Amino acid sequence: MSDEKNNLLEVNNLKTSFHTSDGIVRSVRGITFHVEREESLGIVGESGCGKSVTMLSIMRLLEDNAQLEADSILFDGEDLAKKTKKEMRPIQGNRIGMIFQDPMTSLNPLFTIGEQIKNPLKRHQNLSGKEAQKKAIQMLELVGIPDPAKRMRQYPHELSGGMRQRVMIAIAMCCEPELLIADEPTTALDVTIQAQILDLMKDLKKKYHSSIILITHDLGVIAGVCSRIVVMYGGLIMEEGTTEEIFYQTAHPYTAGLLASIPKDTKEKLVPITGTPPDLLNPPKGCPFAARCKYAMKLCKEVQPEFTQLSTQHRAACWLLHPAVKQKLGEVKIR
Ligand code: SF4
């Protein structure tokens with residue numbers, strides 16, 4: 001449940017499929033969530049769960065073989081699902097900034113760092129070459145790049161992985177976006193640099209009053225940054241709640257599995273979730289997690305579970321939470 005007036009983004013019943021030579025891959029199968037103004041929302045799940053496709057759908061950056069359907073994707077009241085590619089251009093990289101996992105694939109190897117930061121400033125903010133140069137140097141300073149004037153003249157391959165990610169953040173934030181979408185922004189980095197990059201994102205969010213969607217497979221990364229979490233699996237939302245609710249009042253067996261796979265210390269034995277995610281060419285008709293869930297019942301394999309609302313912000317889609325099932329089985333402890 002959300003306070004609609006305070007929502008920056010509202011995604012309503014988003015479905016995204018891809019037409020492939022093997023058939024139709026149903027990557028996102030009807031998801032609804034929102035992001036409040038100045039909020040950090042985490043979207044978590046294993047690879048292939050639909051989290052990155054969700055981001056590309058919101059940004060309307062899908063490949064030509066994709067088909068997007070949605071009741072609406074409201075960004076500050078405007079329906080992005082109805083916009084043409086041309087109408088999306090003033091929003092992409094301007095009002096919505098993006099950071100990807102691997103800066104080497106998103107930075108252009110043929111252009112200097114300076115040119116790549118100045119481009120969006122000239123395009124979206126109508127800055128002159130001189131103004132853009134000044135702002136680009138300021139942005140590099142802000143993201144902690146030493147000797148920014150020299151770095152402006154360098155090419156991406158001349159920088160370390162951590163520095164390249166800082167440049168990506170400078171590009172994503174230079175137009176002071178209302179929403180920053182970060183897709184696995186720290187996965188390719190070592191742990192110390194990871195923490196620095198997450199701190200930098202938090203600082204810039206505060207400075208520019210932006211909202212963040214942080215997409216990751218790692219609940220540990222989300223815990224320090226996000227106030228709410230959406231857990232995705234098999235193209236659907238399994239559980240959604242505040243970070244405290246997801247960590248301490250876990251309601252869905254899949255979320256419990258993800259939490260069991262985070263190390264609390266170096267000696268702890270991890271419990272990976274066994275089995276593989278569902279084939280979205282032929283999605284299961286019941287709960288997508290049924291084939292890997294130790295609590296799965298006949299009902300789970302036949303009917304997709306409905307959401308049970310557990311608090312104003314907390315909901316989960318699992319039959320164990322349904323009143324009729326609870327009456328029969330009693331309370332099942334999943335953690
Ligand atoms: Fe497991 Fe059934 Fe709940 Fe799915 S609905 S998570 S299979 S218990």
Side-chain angles (χ1 to χ4, degrees), residues 1 11 13-17 25-33 41-54 215-220 222-223 226 228-262 270-335:
M1 255 175 259
V11 175
N13 197 21
L14 170 69
K15 294 176 186 166
T16 307
S17 336
V25 180
R26 301 187 193 280
S27 298
V28 176
R29 301 194 286 138
I31 62 167
T32 295
F33 67 95
L41 176 78
I43 301 186
V44 71
E46 291 163 289
S47 70
C49 72
K51 55 193 195 303
S52 297
V53 173
T54 299
I215 294 171
T216 177
H217 65 281
D218 185 349
L219 262 171
I222 279 190
C226 300
R228 272 192 322 117
I229 298 175
V230 166
V231 180
M232 281 188 74
Y233 186 79
L236 293 169
I237 293 176
M238 300 287 103
E239 185 167 1
E240 178 181 358
T242 65
T243 301
E244 286 73 25
E245 286 167 336
I246 295 293
F247 275 76
Y248 303 113
Q249 289 155 45
T250 316
H252 197 284
Y254 177 62
T255 315
L258 284 180
L259 285 165
S261 61
I262 308 177
L270 299 185
V271 190
I273 307 173
T274 51
T276 47
D279 176 8
L280 294 178
L281 261 173
N282 286 302
K285 64 176 178 176
C287 171
F289 192 52
R292 300 167 82 185
C293 179
K294 62 180 172 190
Y295 309 103
M297 304 163 276
K298 193 164 172 272
L299 171 69
C300 305
K301 292 180 182 140
E302 287 167 1
V303 188
Q304 201 170 299
E306 299 160 12
F307 275 107
T308 300
Q309 198 72 39
L310 300 159
S311 78
T312 46
Q313 311 237 53
H314 192 189
R315 60 179 185 146
C318 171
W319 283 122
L320 294 176
L321 304 166
H322 193 277
V325 177
K326 266 177 141 175
Q327 209 176 21
K328 205 168 154 203
L329 299 181
E331 198 81 40
V332 176
K333 270 239 158 292
I334 58 159
R335 279 194 88 205

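No experiment lies behind these values; they were computed from the predicted model shown. Start at 1 and go down the list; that is how both ligands and their atoms are numbered.
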_Holding to side chain to side chain donor-acceptor pair (under 3.5 Å), I want the full list of residues that pass it with His217, two or more places apart in sequence or in another chain._
Glu184

*Do the side chain of His322 and the main chain of Thr308 share a donor and acceptor less than 3.5 angstrom apart?*
no

*Identify the two heavy atoms, one from Ala251 and one from Ile334, that lie closest to each other, and give their separation to 0.1 Å.*
C-CD1, 3.5 Å

*Is a donor on one side and an acceptor on the other found under 3.5 Å between the side chain of Lys51 and the backbone of Gly45?*
yes

*asked:* Please evaluate residues Glu240 and Gln313 with respect to the criterion side chain to side chain contact (heavy atoms under 4.5 Å, CB included), reporting the C-alpha separation (whole Å), side-chain torsions for both, the decisive distance (0.1 Å), and the verdict.
replied: CA-CA 7 Å; Glu240 178 181 358; Gln313 311 237 53; over 6 Å; no

*Provide the number and element of each atom of ligand 1 under 4.0 Å from a heavy atom of His252.*
6 (S)

*For the side-chain hydrogen bond (donor to acceptor under 3.5 Å, both in side chains) test, which of Arg292, Glu239, His252 pairs with Tyr233?*
Arg292

*If waters are left out, how many protein N/O/S atoms lie within less than 2.8 Å of atom 2 (Fe) of ligand 1?*
1

